[in-house]
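Numbered from 1 within each chain, the chains take letters A, B, ... in sequence-line order. Since the structure is predicted, the reported quantities are computational estimates derived from the model, not experimental observations.
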There are 2 protein chains.
Amino acid sequence: MLSAACRDSIRAMIYIANLSKKERYKNRFISIYKIARDLGLSFYFLSKNFQKLVKAGLLESHRGPHGGVKPLKPPSKIRLIDIVTVIDGIDFFNNCILGFEECSDENPCTIHNLWADKRNQILNMFEKTTLEDAIKNIERFENIKV
Amino acid sequence: MLSAACRDSIRAMIYIANLSKKERYKNRFISIYKIARDLGLSFYFLSKNFQKLVKAGLLESHRGPHGGVKPLKPPSKIRLIDIVTVIDGIDFFNNCILGFEECSDENPCTIHNLWADKRNQILNMFEKTTLEDAIKNIERFENIKV
DNA sequence: ATATTTTAAGATAAAATACTCTTAAATCTT
DNA sequence: AAGATTTAAGAGTATTTTATCTTAAAATAT
Ligand code: FES
Ligand code: FES
């Protein structure tokens with residue numbers, strides 16, 4: 001459902017948001033190399049994908065020593081759907097699951113009435129969930145994977 | 001979410017199931033060429049994908065004049081999940097949305113608690129929905145796309 | 001028997017996605 | 001000013017998915 005690029009980006013954004021809360025990292029740029037290393041991701045792939053997030057205004061970037069990226073908004077203001085929109089686009093939430101051109105209640109496919117509901121619930125989840133929600137889970141659960 | 005192969009296959013299976021109910025087609029083989037033409041799909045791609053459904057026992061095939069495919073079960077006994085399982089596999093319903101190796105309540109990622117629920121609802125839909133349900137919608141709605 | 005129709009199977013080609021590399025530009029450190 | 005660090009951008013490569021083609025096998029029709 002999410003592309004590999006999008007999965008990586010969401011993980012990284014959650015990681016950045018969480019780190020940026022700590023005193024040591026507040027308002028500091030975090031190097032992409034460090035993020036990739038800490039999360040076990042490819043530096044090349046991650047920095048490429050980050051370029052979109054920077055352009056979209058979700059991240060601020062800075063070159064040179066002590067450079068890196070940092071969030072432009074507080075975790076409570078960055079929703080998962082914002083990241084998905086930038087990296088994958090939102091076609092998934094508009095398109096027919098059977099691949100028809102149009103998707104609407106007026107022009108439904110044979111399983112539209114069932115799928116549209118599920119799809120909206122997913123959309124709802126991505127719209128409601130912010131990086132802060134994810135961070136809270138990090139604090140809440142012990143053996144959580146970041 | 002569904003691959004192109006899977007989307008095509010589901011559409012074709014619904015079409016076959018619906019056609020097989022009609023007196024003229026009862027217990028007859030329906031040519032793959034006709035199915036592809038009627039649904040606007042590629043004959044090559046569809047016949048390739050059908051091979052899996054035949055092997056899996058969802059379709060019976062027959063070569064030569066008046067050959068083709070026909071369902072091996074009544075529409076009420078073929079669930080969407082059966083087709084998805086054969087064509088795409090069920091990894092989607094087991095895997096972590098953020099790409100982690102494991103996915104379980106005991107070893108969750110930062111959004112597992114939110115996603116697992118949605119994912120199960122989708123699974124539920126695919127498990128509960130049969131070809132008969134889709135056919136009923138064909139009868140129920142006027143401008144429906146098959 | 002021979003020719004025709006139709007699916008099966010495997011090879012090939014094209015397109016999309018995932019991933020990597022190289023060079024440049026910006027910034028900092030000395 | 002020179003060198004080191006770090007992201008930006010675009011080109012390049014690899015892998016996966018999608019789509020097509022070719023040949024074979026099976027069944028029917030003549
Ligand atoms: S028309 Fe197919 S899901 Fe809406
Ligand atoms: S662990 Fe990530 S969705 Fe379950």
Quick one: which of [options] gets closest to the side chain of [X]?
X: His66(B); options: dT20(D), dT7(D), dT28(D); value: dT28(D)
X: Gln51(B); options: dA8(D), dA9(C), dC19(C); value: dA9(C)
X: Pro65(A); options: dC19(C), dC28(C), dA8(C); value: dC28(C)

Grab the [atom1]-[atom2] distance between [X] and [N] for me, whole Å please.
X: Lys52(A); N: dA9(D); atom1: NZ; atom2: P; answer: 13 Å
X: Leu46(A); N: dT6(D); atom1: CG; atom2: P; answer: 15 Å
X: Phe45(A); N: dA8(D); atom1: CZ; atom2: C1'; answer: 17 Å
X: Asn49(A); N: dT20(C); atom1: CG; atom2: P; answer: 11 Å
X: Asp88(B); N: dT16(D); atom1: CG; atom2: C1'; answer: 13 Å
X: Leu2(B); N: dT18(D); atom1: CG; atom2: P; answer: 11 Å
X: Glu60(B); N: dA26(D); atom1: CD; atom2: P; answer: 16 Å
X: Leu53(A); N: dA8(D); atom1: CG; atom2: P; answer: 11 Å

Original post:
Any idea how His62(A) and Phe29(A) line up, ring-wise: parallel (<30°), tilted (30 to 60°), or perpendicular (>60°)?
Top reply: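 His62(A) vs Phe29(A) ring planes: parallel.
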Subject >> Short N-O contact, Glu60(A) and Lys73(A), less than 4.0 angstrom >> reply: no
Subject >> N-O pairing of Glu139(B) and Lys136(B) below 4.0 Å >> reply: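 A salt bridge is absent here (no side-chain N lies under 4.0 Å from a carboxylate O).
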**OP:** Look up atom NZ in Lys128(A) and atom CG in Leu123(A), then write down how far apart they are to the nearest 0.5 Å.
**Re:** 10.5 Å
Subject >> Leu2(A) CG to Arg7(A) CZ distance, which is reported to the nearest 0.5 Å >> reply: 7.5 Å
**OP:** Would you indicate whether the side-chain heavy atoms of Phe141(B) and His112(A) approach each other to under 4.5 Å?
**Re:**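 His112(A) does not reach Phe141(B) side chain to side chain.
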**OP:** Say whether, by atom type as modelled, one donor and one acceptor occur between the side chain of Arg79(A) and the main chain of Phe126(A) under 3.5 angstrom.
**Re:**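 No, because the side chain of Arg79(A) does not come within donor-acceptor range (under 3.5 Å) of the backbone of Phe126(A).
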Original post:
Is atom CZ of Arg28(A) surrounded by more than 12 heavy atoms (other residues, nucleotides or ligands) closer than 6.0 Å?
Top reply: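 Atom CZ in Arg28(A) is not crowded, with 12 or fewer foreign heavy atoms closer than 6.0 Å.
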Original post:
What pair of heavy atoms forms the shortest contact from Leu46(B) to Ala12(B), and how long is it?
Top reply: CD1-CB, 3.9 Å
Subject >> First of His62(A) and Ser3(A) reached from the 5' end of DNA chain C, by closest nucleotide >> reply: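 Its nearest nucleotide being more 5', the pick is Ser3(A).
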Subject >> Members of residues 11-43 of chain A that approach DNA chain C, where some heavy atom sits under 4.0 Å away >> reply: Ser42(A)
Original post:
Do Arg63(A) side-chain and dT6(D) base share a donor-acceptor contact under 3.5 Å?
Top reply: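 No.
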For nucleotides 21-23 of chain D, tabulate all protein N/O to nucleotide N/O atom pairs closer than 3.5 Å, reporting atom names and distance.
none

**OP:** Ignoring backbone atoms, establish whether Ser61(B) has a side-chain N or O less than 4.0 Å from OP1 or OP2 of dT6(C).
**Re:** no
